[in-house]
Amino acid sequence: MAAIVSVEDREKVIQACIEAKKYSYSPYSKFAVGAAFLAEDGQLIKGANIENASYGGTICAERTGIVKAVSEGVTRFRALAVVTNVPSSISPCGMCRQVLREFCANDMPIYLVPGDYPRPLKENERPEDGFIEGGVRLTNLGELLPDSFGPEQLELPRRQ
Ligand code: THU
C-alpha cells in the first residue's frame, strides 16, 4: 500500500511540476510538460520534456524526471505530478507508463494537474472519476496501466 500523501506534500509536488514545466524544451510541438516526483525521503525531482530536431529523440517530462532520479540513486517514490498548459488533466503516454512501472507502486498517487491549477472542478470532472480539489485528477499506475508487465514477471522463468 502506498503511504498517504499529506495535503502539504501534494501541494509541494504539484508546485514542483509547475516549476519543472518552465524548462520544457518543446520548440516543435509547443506542448510543454512538467513532471515532479516526490521521493520516499521527501526530495522533489523535476523533469520537463526535451524535444529533438530528430523527433524520435524526444524525451517526455516523466521519463526525464525518473531517469534523473534513478541515475542519482533515488529509486523509491511516494507521488508523481504532471502538468501541461492545457486547462484539463493530461495523462502520461504509454511509454512513460511502462517506465514508471519499473519503479512506482501500482497504487502510488499520480496527480494530473490542469494548466490553470488551481481552479474549481468543471461539471464533467466528477469526484468518482478521481477529480479532487484544484481541478486535479488523482490516478495511479494500476488504473493507467492495468495487467502490466514488470520486474516480477521477468523473474518467473529464472525461478524454475
Ligand atoms: N509528452 C510528455 O512530456 N509526456 C507525456 O506523457 C506525453 C507527451 C511530450 C512529448 C513531446 O515533447 C510533447 O509532449 C508532444 O508529444
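Every number for a ligand or one of its atoms is a count from 1 in the order of the listing.
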message = Counting only nitrogen or oxygen atoms and a 3.5 angstrom limit, does T58 reach ligand 1?
response = no
task = Kindly say whether V99 contributes a backbone atom to a donor-acceptor pair with the side chain of E102 at under 3.5 angstrom?
result = no
request  = Specify whether F77 and F37 have parallel, tilted or perpendicular ring planes, treating 30° as the upper limit for parallel and 60° as the lower limit for perpendicular.
outcome  = tilted
inquiry  = Check whether R76 reaches the backbone of D41 with its side chain - one donor and one acceptor, N or O, closer than 3.5 Å.
reply    = no
query = Between C93 and ligand 1, does any nitrogen or oxygen pair lie at a separation below 3.5 Å?
reply = yes
inquiry  = Counting only heavy atoms not in L154 (residues, nucleotides, ligands), do more than 12 fall under 6.0 Å from its CG?
reply    = yes
ask   = Going by the order shown, which atoms of ligand 1 are within less than 4.0 Å of some heavy atom of S29?
value = 13 (C), 15 (C)
key: Exam field: side chain S24 to backbone K21, donor-acceptor pair closer than 3.5 Å   = no
ask   = For atom 16 (O) of ligand 1, is the nearest protein heavy atom closer than 4.0 Å?
value = no
ask   = Which of these, S91, G94, C60, has its nearest heavy atom closest to atom 10 (C) of ligand 1?
value = C60
Common cluster, V82/V67, ILVMFWY with side-chain heavy-atom separation under 4.5 Å = yes
query = Of I50, N49, L100, which has the heavy atom at the shortest distance from atom 9 (C) of ligand 1?
reply = N49
ask   = Quick one: does A61 get an N or O within less than 3.5 Å of an N or O on ligand 1?
value = yes
message = I want to know if ligand 1 touches E62 in the polar sense, i.e. an N/O pair below 3.5 angstrom.
response = yes
